[in-house]
> 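First, the structure itself, so that you have it in front of you.
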Protein chains: 2
Amino acid sequence: MEVIKAKRSSLVEQVALQIETFIESGTWPVGSRIPPEMELMEQFGVSRNTLREAVRALVHAGLLQTKQGIGTYVRAKTVLGASFQKRLETSTLLETLEVRHALEREAAWLAAERHTGEELNHIQKCLHECKEAADLHSFAEADIALHHAIVKASHNRILMDLYARLADELHASVHDLTDMNGDPDIDPGAHEELVKAIGARQPEKAAAIVSKDIARLKEMAGQEEKE
Amino acid sequence: MEVIKAKRSSLVEQVALQIETFIESGTWPVGSRIPPEMELMEQFGVSRNTLREAVRALVHAGLLQTKQGIGTYVRAKTVLGASFQKRLETSTLLETLEVRHALEREAAWLAAERHTGEELNHIQKCLHECKEAADLHSFAEADIALHHAIVKASHNRILMDLYARLADELHASVHDLTDMNGDPDIDPGAHEELVKAIGARQPEKAAAIVSKDIARLKEMAGQEEKE
DNA sequence: TTTTAAAATTTGTAGGATGATTGGTTAACC
DNA sequence: GGTTAACCAATCATCCTACAAATTTTAAAA
């Protein structure tokens, strides 16, 4: 792991970007503990202050998390994803659902236009796991995986970045919604129609199904706020 | 400007968040130069290292920009906005237009549902300025202002955050497109229809007009890539 | 008056020191 | 044998001092 020193930008910026690269590339995956400060100082060939400024930048961005006495952990894969999630934490559920609608509708449309055979297979596998889910927890996970697969099939990296964090944030919210309402109100038929429309390359139909699905969630959210 | 010291989080994090607050609240507006390090150290009551880590976090986030020998300047108003713009800089024009479509379509729909009389007046004023634009530059600025007004009328803060940066990034791209094609291909009729649909509280119609508008831009972008 | 050099201001980087936190280990006590 | 307290090592958090580098301002020289 030889670190190249460029001259254009500050040392701190260079180190921060390189750490980001290690994270995005998967060298330091989410959840892993990166080397301690003393080691990083040696690897990057900078003083501790410079190293700390770089690490702190990424801590603030939500990419890393430091634990005194223990070490530094990777919390997120991309800066945009982390800051988006931070933003979602201070937003209302309605705002979040509306943005989800915007992103999912566009993703479904593009997936219908662009998916590969392999991607469609993966989408169909996720659909199958939704149907086979034994409990609410399994269903929620399969549901998220399905939506991720669809966004991936859109071949739009920005959508993927934004959606990765949106899905995590919504995971708990929707989970709470269905818990409190008691009746899970699962509509697997909508998922089946969505996947069918995407497979048949019908973007308008896919988009309409997404709109209908989110509208139902917004209604549930509205009822929740009235209680 | 008395700074309160809480105990829960690290000093660096507290200072960084306070600086962010000063920026978001407009105390330090975009483009302005914030006080030098020595002053900030005294104001926040921390050491220079602690202050630098906080400032560096915001520099990396794109909110601040430091110039050696001169000072530190405010570059953006929100972290999400800054990181989104950073992401857009490494994205293709097609990806950007697709995300723009997702956000603008949702914003137009919500604006049709939720606008206030005051907001509609402002939207109509922006439309008027589009029509009265003497040259391409003026039109582009009025165009951006119109879309900003529509997104604001959606009453969704996330959309506003994301769109603020998206508009800036697209400003140059669309400008380049129209420059290179020679023929500006301005369609003021679409803007008029859009504003009419929003005013008449017809969300479906507003959304369809946005889709049509972006589709035209995507076509132009496609032709550009073929040259 | 103009040009050059020095000084001042401000950020960038390095090194040293102490404090605080966390997890693991060991010893003492019940 | 189980529990609790003390101790230690590892690691991050904060502070201080010093010098370097870049830019602007001021003073001196031509």
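Just so we're clear, the structure is a prediction, and the values are computed from it rather than from any experiment. Each chain gets a letter, A, B and so on, in the order the sequences are listed, and its residues count up from 1.
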> Please give, in whole Å, the distance from C:dT10 P to B:Y73 OH?
11 Å

> Report each atom pair, protein N/O against N/O of nucleotides 22-24 of chain C, whose distance is under 3.5 angstrom.
| unit_1 | atom_1 | unit_2 | atom_2 | d |
| --- | --- | --- | --- | --- |
| C:dT22 | O4' | A:Q68 | O | 3.3 |

> Do A:N49 and C:dG12 have a side chain to base donor-acceptor pair shorter than 3.5 Å?
no

> Roughly how many Å is it from CD in A:E13 to P in C:dT11, rounded to a whole number?
16 Å

> Without decimals, in angstroms, what is the distance between B:L11 CG and C:dT18 C1'?
15 Å

> Just list the side-chain donor-acceptor pairs under 3.5 Å for residues 152-162 of chain B, sequence neighbours left out, or say none.
| unit_1 | atom_1 | unit_2 | atom_2 | d |
| --- | --- | --- | --- | --- |
| B:S154 | OG | B:V151 | O | 2.6 |
| B:S154 | OG | B:N156 | N | 3.3 |
| B:H155 | NE2 | B:E119 | OE1 | 3.0 |
| B:H155 | NE2 | B:E119 | OE2 | 3.0 |
| B:N156 | OD1 | B:I158 | N | 3.0 |
| B:N156 | OD1 | B:L159 | N | 3.1 |
| B:N156 | ND2 | A:E95 | O | 3.1 |
| B:N156 | ND2 | A:E98 | OE1 | 2.8 |
| B:R157 | NE | A:E95 | OE1 | 3.4 |
| B:R157 | NE | A:E95 | OE2 | 3.0 |
| B:R157 | NH2 | A:T90 | O | 3.4 |
| B:R157 | NH2 | A:E95 | OE1 | 2.9 |
| B:D161 | OD2 | A:R87 | NE | 2.8 |

> Between B:T50 and D:dA13, is there a side-chain N or O to OP1/OP2 distance below 4.0 Å?
no

> How long is the gap from CH2 on B:W109 to CD1 on B:I150, to the nearest 0.5 Å?
15.5 Å

> Should A:S10 be listed as having a side-chain N or O under 4.0 Å from OP1 or OP2 of C:dT11?
no

> Please list, by residue number, the residues of residues 52-62 of chain A whose heavy atoms come closer than 4.0 Å to an atom of DNA chain D; answer none if no residue qualifies.
A:R52, A:R56

> For DNA chain D, whose closest nucleotide is more 5', that of B:L51 or that of B:R48?
B:L51

> List the residues meeting side-chain hydrogen bond (donor to acceptor under 3.5 Å, both in side chains) with B:T72, not counting sequence neighbours, and say none if there are none.
none

> For B:M41 and D:dT14, what is the distance between atoms CE and P respectively, to the nearest whole Å?
14 Å

> Within residues 29-40 of chain B, which residues have any heavy atom lying less than 4.0 Å from an atom of DNA chain D?
none

> Only pairs under 3.5 Å count here: list side-chain donor-acceptor contacts from residues 50-63 of chain B, not counting sequence neighbours, and write none if there are none.
| unit_1 | atom_1 | unit_2 | atom_2 | d |
| --- | --- | --- | --- | --- |
| B:T50 | OG1 | B:S47 | OG | 3.1 |
| B:R52 | NE | A:E53 | OE2 | 2.9 |
| B:R52 | NH1 | B:E37 | OE2 | 2.6 |
| B:E53 | OE1 | A:R56 | NE | 3.1 |
| B:E53 | OE2 | A:R52 | NE | 3.0 |
| B:R56 | NE | A:E53 | OE1 | 3.2 |
| B:R56 | NH1 | A:S10 | OG | 3.3 |
| B:H60 | ND1 | A:E13 | OE2 | 2.7 |
| B:H60 | NE2 | A:E20 | OE2 | 2.6 |

> Quickly work out the A:E42 CD to C:dG15 C1' distance and round it to whole Å.
15 Å

